[in-house]
Every structure is written in C-alpha cells, then in structure tokens.
J.: 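Can you keep this structure in mind? I'll have questions shortly.
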Amino acid sequence: MDWLQIEDPRFRACVLPNAPLVTLGEGYAWLEGPVWFADQDCLLVSDLPNDRILRWSEDGGVSVFRRPSGFANGHTRDRQGRLVGCSHQHRCVTRTELDGRITVLADRYRGRRLNAPNDVVCRSDGTIWFSDPHYGINTDYEGGKQTPELPPTLYRLDPETGRLSVAADDFEGPNGLAFSPDERLLYVSETGPQFDADARRAIRVFDVADDGALSGGRVFHTVSPGYADGFRVDEDGNLWTSAGDGVHCIAPDGTLLGAIRTGCTVSNLTFGGRNRSRLFICASHTLLAVYTNQRGAARP
Ligand code: MG
C-alpha cells in the first residue's frame, strides 16, 4: 500500500495492509483532541477553529456534539468515564458530568489564569495531567488573543482535593502527553515557541515515581517531517504519534518502525473501535480511520 511505510521489520506485525485508510468526514477547519467512547461506540473530536466538538459513529456519521465548545482542544476520559477536556478560550480544564453539567476543574495556578490548556491525560490514581502552553491564546483563530499570565507548564491536578501542582516547567511549549502502559513513563511533546521557525521540537520522556514525581525528561524521539503534537501508546508500549506527513509509530526504544502517510499534517489521533484497534486520525481538515494489528493501551 502506498500509504503504508515500513521502516523496521517489526512494523509489519503492527499494521494490516489489506485494511483501507478511510475518510470518515472532511471539510473541517482543524481537527484535534479525539477521544473514544466505547460504551457509546462513538468518537468525539474537536473542530477547533469552528468552536465545536463533533461526534462520529458508524451508523450516524458526523454530527455536532457541542457548540460553542470554548475552543476545545484535547480530550480524555477520567476513571469514571467522564469527558475531560481543554478549553483555549476559557483557559481551563473541564469535566462533563454524567448529567451533562460542565465543571471547571482548573483555571488558575496561584491566582494567575492558566494560558490555554492543550492536551490532557488521566493516570490510574485519578490524577489529571495537562499541558498549558501559550498557543491557544496567541491567535484569534483558535480561541482569541489573550495575554499569558504563566509560563508554559505541565501540570498535575488532583480532582479530589483540587490541588494543582507543577509536574514539569522546563518547556517552551508542552503539548501532547501519554503514559506508557505501566505508567512508569510519561511522554510529552515539546513544540517550542509557536512562531519560531527553529524551535526545538521533540518528544521527551520522563520517569514517573509512584507518587507522581517526574524525573529525567530526555529526548525520546524527534519526528520528521514536521513535529509531534498529540499521540497515543498501544498495549506493547509503541508510541503512535502525529507528524507532518501522517502517523509515525515509534518503538519503546525510540526507533521509527513505520508510518501511515496521510499526505498532510496530522495533529492528533486515538485508538478506538472494536478492541481499541482502530486508529482515528485528525489529518488536518479530514477525519481518517484505519484498523491496525495493535490495540491501544487500556487507559487512553
Ligand atoms: Mg496539542
């Protein structure tokens, strides 16, 4: 298949050359933040500049789930299955309760407003981790120009106590994040200052202690072309990351295994569908999907 690129023999067992790369919807402004709801057999995904969250299902196709969305970006689900998401415009992380109410989980750190939460994941202990770069308030296109009050930071939130703490602050632009299946590692993309052509852009990896403390932070892999925005980990610990030409699959040792070439920039992706083996891909203005031979890690 011309869209499948094998870089390492190990990748042959990860993909299905006879499975089609299909278009589920197209014509969007910019897709971001996909999250799978297995119990409802549907995908939610942000159409960020259009200030809406879309819903896709096999039977119903694409419909509008929420508009306005506060210029929603990244999404995940917490241990109770509730939708947790990032709002650029309102500069906060929210949780959608089971009755539909929306609770603001975090919008300030030490009295100062967050910048524009970008991506979010939950750890099995219930803590919620999110990146807070400046991107979402740098332009009117993705949330409205506003003045940053805090440096770009990676935060950890305990939703039980409301305690928000800095997980790591040596970033110029923390972006996507994902835990390894055993939660001993945390991958974070560093995408640098938005308008800097020579920004340092790489996926970094931190060691995670039992109490959630991070250490290390070395460069794990540098994506080319383009850079890594969001990514997900499969059951075997391979990292499936967005890139400038599609989705790249990186082995736990940092080796590029192969790629799914979409011919355009991918911002984010997630596993879902039957057995969490279908990859849903935010390919710029188009929503794509392909079945793989890997299953996404149980915790997205
Ligand atoms: Mg992002």
Side-chain angles (χ1 to χ4, degrees), residues 28-36 43-54 69-76 83-94 106 114-122 128-139 141-143 148 152-155 167-168 171-179 186-196 199-205 220-223 226-233 239-244 246-248 250 262 264-271 279-285 287 300:
Y28 310 113
W30 187 258
L31 296 178
E32 270 286 2
V35 59
W36 180 250
L43 180 86
L44 298 182
V45 58
S46 300
D47 183 9
L48 211 170
N50 281 329
D51 194 17
R52 60 184 184 170
I53 301 171
L54 303 175
S69 68
F71 289 83
N73 189 338
H75 289 105
T76 192
L83 177 67
V84 174
C86 300
S87 163
H88 284 181
Q89 183 182 33
H90 304 306
R91 303 169 69 162
C92 63
V93 173
T94 66
L114 298 178
N115 302 309
N118 188 290
D119 213 343
V120 60
V121 291
C122 290
I128 295 169
W129 300 58
F130 64 93
S131 55
D132 187 42
H134 291 167
Y135 309 128
I137 51 172
N138 278 344
T139 70
Y141 190 54
E142 293 201 349
T153 302
L154 177 68
Y155 290 103
F171 286 96
E172 293 186 292
N175 203 321
L177 50 164
F179 285 103
L186 176 66
Y187 299 97
V188 186
S189 55
E190 161 68 270
T191 46
Q194 184 168 3
F195 304 113
D196 184 346
R200 186 182 69 146
R201 296 184 168 111
I203 301 171
R204 297 170 60 188
V205 62
F220 167 73
H221 182 88
T222 300
V223 163
Y227 56 87
D229 185 339
F231 37 65
R232 292 288 192 269
V233 174
L239 189 74
W240 299 69
T241 177
S242 53
V247 176
H248 292 191
I250 317 297
T262 61
C264 63
T265 296
V266 168
S267 66
N268 227 314
L269 52 105
T270 198
F271 284 98
L279 200 57
F280 293 88
I281 303 168
C282 298
S284 296
H285 320 294
L287 180 63

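Counting starts at 1 for both ligands and their atoms, following the listed order.
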J.: When you check the space around the Mg ion (ligand 1), which protein N, O or S atoms turn up under 2.8 Å?
T.: Asn118 OD1, Asn175 OD1, Asp229 OD1
J.: Of all residues at least two apart in sequence or in a different chain, which pass the salt bridge (Lys or Arg N to Asp or Glu O under 4.0 Å) check with Arg52?
T.: Asp47
J.: Per the side chain to side chain contact (heavy atoms under 4.5 Å, CB included) rule, which among Thr153, Asp132, Val188 passes with Phe171?
T.: Val188
J.: Work out which heavy atom in Pro117 is nearest to a heavy atom in His88; give both atom names and the distance.
T.: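 That closest heavy-atom pairing would be O-CD2, 3.4 Å.
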J.: Can you name the nearest heavy-atom pair linking Thr76 to Val121, along with the distance?
T.: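 Smallest interatomic distance, heavy atoms only, reads CG2-CA, 4.0 Å.
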J.: Testing Phe220, Trp129, Trp240 for ring pair (Phe, Tyr, Trp, His ring centres under 6.0 Å) with Tyr187, which one passes?
T.: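 Output: one option passes, namely Phe220.
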J.: Answer yes if the side chains of Thr191 and Tyr135 hold a donor-acceptor pair under 3.5 Å, and no otherwise.
T.: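 A donor-acceptor contact under 3.5 Å links the two side chains.
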